[in-house]
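Everything below concerns the one structure shown next.
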There are 2 protein chains.
Amino acid sequence: MSNKNIGIKDVAVAAGVSVTTVSHVLNEVSYARISSETRDKVKTAAEELGYGPNRLAQALRTQRTGMLGLVSEEIATTPHAGRIILGADEAAKARGYNLMIINTPGSASLESRQADVQALLERRVDGILYATMYHRNVELPENLGSVPSVLVDSVAIGGNITAVVPDEDGGARAAVGALLDAGHTRIAFLNNTDDVPATRQRLQAFRAMLTEAGLDGDAAPVESEISEVQGGYEAAKRILSRDDRAHMPTALFCYNDRMAMGAYRAAAELGLSIPADLSVVGFDDQELIAANLYPGLTTVALPHYEMGAWATEHLIDAIEGKDDLSLMALHPTILGCPLVSRESVAAPR
Amino acid sequence: MSNKNIGIKDVAVAAGVSVTTVSHVLNEVSYARISSETRDKVKTAAEELGYGPNRLAQALRTQRTGMLGLVSEEIATTPHAGRIILGADEAAKARGYNLMIINTPGSASLESRQADVQALLERRVDGILYATMYHRNVELPENLGSVPSVLVDSVAIGGNITAVVPDEDGGARAAVGALLDAGHTRIAFLNNTDDVPATRQRLQAFRAMLTEAGLDGDAAPVESEISEVQGGYEAAKRILSRDDRAHMPTALFCYNDRMAMGAYRAAAELGLSIPADLSVVGFDDQELIAANLYPGLTTVALPHYEMGAWATEHLIDAIEGKDDLSLMALHPTILGCPLVSRESVAAPR
DNA sequence: GTTCTTGTTGCTCATCCGACTCCCACGTCC
DNA sequence: GGACGTGGGAGTCGGATGAGCAACAAGAAC
């Protein structure tokens with residue numbers, strides 16, 4: 001490797017001009033008046049030497065690193081984090097920024113989160129994205145406030161900081177709507193037991209949709225279990241095993257795809273065929289599950305990619321002064337959860 | 001926020017000493033002779049002001065950023081990338097380093113990869129981890145050579161660069177061994193159609209294990225399909241639907257968990273119960289599938305977390321001069337794939 | 001007992017890392 | 001002698017670091 005540490009100085013020497021001129025040319029400084037001959041000489045020299053600016057020195061001087069910090073929970077255990085990162089990364093790259101990712105356990109203490117943010121601050125990131133692994137309310141480290149920041153998939157407790165979250169209500173309505181449209185009137189909800197916004201909002205939307213359709217939303221059956229495959233299996237089994245065959249639900253709205261996967265097994269064991277005997281819709285659109293179950297699971301997609309991209313886009317706007325985050329901080333921005341239709345919904349018998 | 005931009009200079013003024021002294025104290029420079037009184041004054045002042053060093057300035061001077069670049073393919077579409085990142089992140093954090101992650105499509109051109117590496121180089125990362133989403137041979141951007149680098153889950157084409165890969169042979173042997181130990185003598189292999197190391201090595205190990213067990217390894221049935229759920233379903237269906245019931249396999253070794261998931265469905269459709277009528281083992285240990293299928297899938301785990309950690313550990317050793325990568329570059333390091341037993345294997349009827 | 005080395009201890013000065021940028025110095029041509 | 005058109009000098013960002021200086025003590029020389 002010959003190209004060890006080529007600086008602006010080397011380019012200057014090669015082109016026979018001063019470093020000032022090189023800087024002017026390469027940064028296309030507007031007020032610099034330089035002949036096109038000189039420009040060419042400089043550009044050619046830079047090219048030939050394989051010059052790339054030292055971003056550290058540049059950042060030190062300009063007070064801009066072109067880096068965004070991303071604090072993300074549980075990078076490995078949920079595919080959701082991956083999609084947020086992807087959305088953020090692509091949006092950042094498109095605007096010339098790079099990401100510094102810090103992973104943190106969902107259970108991390110406030111001090112530990114603060115240390116994570118501190119690490120980002122010491123590296124002088126231009127802004128910070130703070131992402132959680134599921135939609136919830138978080139207590140934020142206070143040092144977050146010292147640079148522009150945006151929350152992804154969560155809102156701050158008592159906080160006025162810009163945030164973007166999924167439209168739980170709309171998503172749940174789309175899911176239940178798909179079942180209603182297919183003609184179902186006896187629909188059950190397999191809910192989660194955690195006390196998170198999604199649990200409450202989806203339940204509320206579920207009942208509201210039924211009521212608005214002229215059914216008795218308040219009486220519709222709801223079974224809660226932990227939101228895993230096993231929980232879905234148990235909840236479905238309870239609902240589908242009731243004596244009263246005539247009033248048994250013909251459709252299941254599941255809190256997430258994992259629970260839906262459990263419901264599939266319960267249905268199989270009870271000799272119920274999907275979608276002929278039972279329609280199912282999930283939530284999350286986890287590729288691995290939803291697309292690979294048989295029959296394919298109709299579900300609602302969480303806009304993780306979109307939230308990551310939206311947050312990044314607006315964070316950069318704020319950094320560049322094109323946008324004012326404090327105006328948007330009043331209410332979280334809500335992004336849609338579109339229905340993804342596959343084969344698990346049909347008209348009731 | 002009062003603590004805007006506190007520099008070493010501010011600490012120096014507050015403590016009534018020079019910046020040199022502050023630097024000496026805070027970095028615990030061994031040759032610096034400073035009274036403990038002065039040390040205390042400096043530390044107290046730094047504490048009170050909430051001073052944190054500007055890592056950019058530090059890095060510019062010391063030529064050390066304490067950052068590692070990680071080029072990872074397809075961050076969002078495979079959980080494997082997440083585990084590599086997690087392993088790398090934890091190992092890095094433990095040694096005081098941070099990660100800069102660049103995501104790149106698996107299909108990216110060589111120039112595009114080169115640009116990714118260039119971005120990392122301009123930020124003066126101390127070393128680079130280059131990770132692929134599945135075990136394969138890659139053509140590397142040449143600028144990768146200008147800082148210490150380690151490949152994760154791949155080896156360089158014609159290249160002598162340190163790499164760490166999974167033990168395909170050992171993993172496949174463990175999988176087939178589990179079936180053999182359970183007493184199976186008629187075992188089939190559902191293989192992948194891609195031309196990657198895993199495809200060849202697992203097939204070879206499969207045949208070798210059978211032969212070593214006194215069976216006719218060369219004659220054992222193998223069906224190849226794309227390594228997805230659908231492919232597994234089709235391959236399993238072909239194998240399990242043959243006329244010759246007496247010679248039908250009693251156990252299936254699947255190229256990965258997704259194909260195993262397809263095999264489960266094929267078995268269900270044919271009225272075969274797992275593991276009573278048919279034993280199945282997979283490969284990958286994708287939590288979402290392996291632990292959630294019913295019955296739980298016995299499979300072999302890929303050491304993604306471990307590869308990420310190993311690579312990081314040795315990369316840092318090389319950066320700090322404790323290790324010489326070129327010595328390890330001769331042969332890729334191989335990490336074990338342990339068997340994860342669940343409930344899909346039993347003795348044949 | 002005073003004055004000089006010689007040595008420590010304790011801390012500071014000046015410079016540097018690599019790029020950006022304000023301000024000034026030339027010619028030339030009207 | 002202004003007004004351009006071209007280009008360079010030197011300071012700056014924030015911290016690291018080798019060289020050097022002042023103060024004081026112990027031992028040596030007178």
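Lettering follows sequence order; numbering is per chain, from 1.
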Exercise for the section: Could you list the residues that satisfy salt bridge (Lys or Arg N to Asp or Glu O under 4.0 Å) with A:R124, not counting sequence neighbours? Expected result: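 Here no residue qualifies.
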Exercise for the section: Look at all strands and tell whether B:L60 reaches a base, only sugar-phosphate, or nothing, counting heavy atoms closer than 4.0 Å. Expected result: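 B:L60: base contact, heavy atoms under 4.0 Å.
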Exercise for the section: Take the C1' atoms of the five end pairs on each side of the helix from C:dG1-D:dC30 to C:dC30-D:dG1, get both axes, and report the angle to 10 degrees. Expected result: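 The end axes of the helix from C:dG1-D:dC30 to C:dC30-D:dG1 are about 80° apart, to the nearest 10°.
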Polar-atom pairs under 3.5 Å, protein N or O versus N or O of nucleotides 15-20 of chain D: list them with distances, or write none.
{"from": "D:dG15", "atom 1": "OP1", "to": "B:Y51", "atom 2": "OH", "distance (Å)": "3.1"}
{"from": "D:dG15", "atom 1": "OP1", "to": "B:N54", "atom 2": "N", "distance (Å)": "3.4"}
{"from": "D:dG15", "atom 1": "OP2", "to": "B:I8", "atom 2": "N", "distance (Å)": "2.4"}
{"from": "D:dG15", "atom 1": "O5'", "to": "B:Y51", "atom 2": "OH", "distance (Å)": "3.2"}
{"from": "D:dA16", "atom 1": "OP1", "to": "B:N27", "atom 2": "ND2", "distance (Å)": "3.3"}
{"from": "D:dA16", "atom 1": "OP1", "to": "B:Q58", "atom 2": "NE2", "distance (Å)": "2.9"}
{"from": "D:dA16", "atom 1": "OP2", "to": "B:S23", "atom 2": "OG", "distance (Å)": "3.0"}
{"from": "D:dA16", "atom 1": "OP2", "to": "B:N27", "atom 2": "ND2", "distance (Å)": "3.0"}
{"from": "D:dA16", "atom 1": "N3", "to": "B:R61", "atom 2": "NH1", "distance (Å)": "2.5"}
{"from": "D:dT17", "atom 1": "O4", "to": "B:T20", "atom 2": "OG1", "distance (Å)": "3.2"}
{"from": "D:dG18", "atom 1": "OP2", "to": "B:Y31", "atom 2": "OH", "distance (Å)": "3.3"}

Practice task
Select from B:S35 and A:L56 the residue whose nearest nucleotide in DNA chain C is closer to the 5' end of that strand.
Solution key: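 The residue mapped nearer the 5' terminus is B:S35.
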Practice task
Report yes if the side chains of B:V117 and B:I128 come closer than 4.5 Å at any heavy-atom pair, otherwise no.
Solution key: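 With C-beta onward as the side chain, the pair touches.
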Problem - Heavy-atom contact window of chain B on DNA chain C, given 5' to 3' at under 4.0 Å - result: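 Listing 5' to 3', DNA chain C meets chain B from C:dT9 to C:dG18.
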Practice task
Kindly state each residue pair satisfying side-chain hydrogen bond (donor to acceptor under 3.5 Å, both in side chains) with at least one member in residues 61-71 of chain B, sequence neighbours excluded.
Solution key: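 Found B:T65-B:D126.
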Exercise for the section: Can you sort out the partners of B:H135 under ring-ring contact (aromatic ring centres under 6.0 Å, His included), two or more places apart, ordered by chain and number? Expected result: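 B:H135: no ring-ring contact (aromatic ring centres under 6.0 Å, His included) contacts found.
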For a quick test of your reading: what N or O donor-acceptor pairs under 3.5 Å do the side chains of residues 18-26 of chain A make, sequence neighbours left out?
{"from": "A:S18", "atom 1": "OG", "to": "A:T20", "atom 2": "N", "distance (Å)": "3.4"}
{"from": "A:S18", "atom 1": "OG", "to": "A:T21", "atom 2": "N", "distance (Å)": "3.3"}
{"from": "A:S18", "atom 1": "OG", "to": "A:T21", "atom 2": "OG1", "distance (Å)": "3.2"}
{"from": "A:S23", "atom 1": "OG", "to": "A:N27", "atom 2": "ND2", "distance (Å)": "3.3"}

Going by atom type alone, with no hydrogens or angles, which donor-acceptor pairs under 3.5 Å involve a side-chain atom of residues 45-56 of chain B and a protein atom two or more places apart or on another chain?
{"from": "B:N54", "atom 1": "OD1", "to": "B:L56", "atom 2": "N", "distance (Å)": "2.8"}
{"from": "B:N54", "atom 1": "OD1", "to": "B:A57", "atom 2": "N", "distance (Å)": "3.3"}
{"from": "B:R55", "atom 1": "NE", "to": "A:E122", "atom 2": "OE1", "distance (Å)": "3.4"}

Exercise for the section: Applying side chain to side chain donor-acceptor pair (under 3.5 Å), name anything that partners B:Y305, two or more places apart in sequence or on another chain. Expected result: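 By the side chain to side chain donor-acceptor pair (under 3.5 Å) rule, B:Y305 matches B:E90.
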Per the salt bridge (charged side-chain N to carboxylate O under 4.0 Å, His left out) rule, what does the pair list look like for [range], sequence neighbours excluded?
range	result
residues 71-84 of chain B	B:E73-B:R113, B:E73-B:R136
residues 20-39 of chain B	none
residues 316-335 of chain B	B:R95-B:D317, B:R95-B:E320, B:E320-B:K322

Problem - Spacing between A:K41 atom NZ and D:dG7 atom C1', to the nearest angstrom - result: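 Whole-Å distance recorded here is 11 Å.
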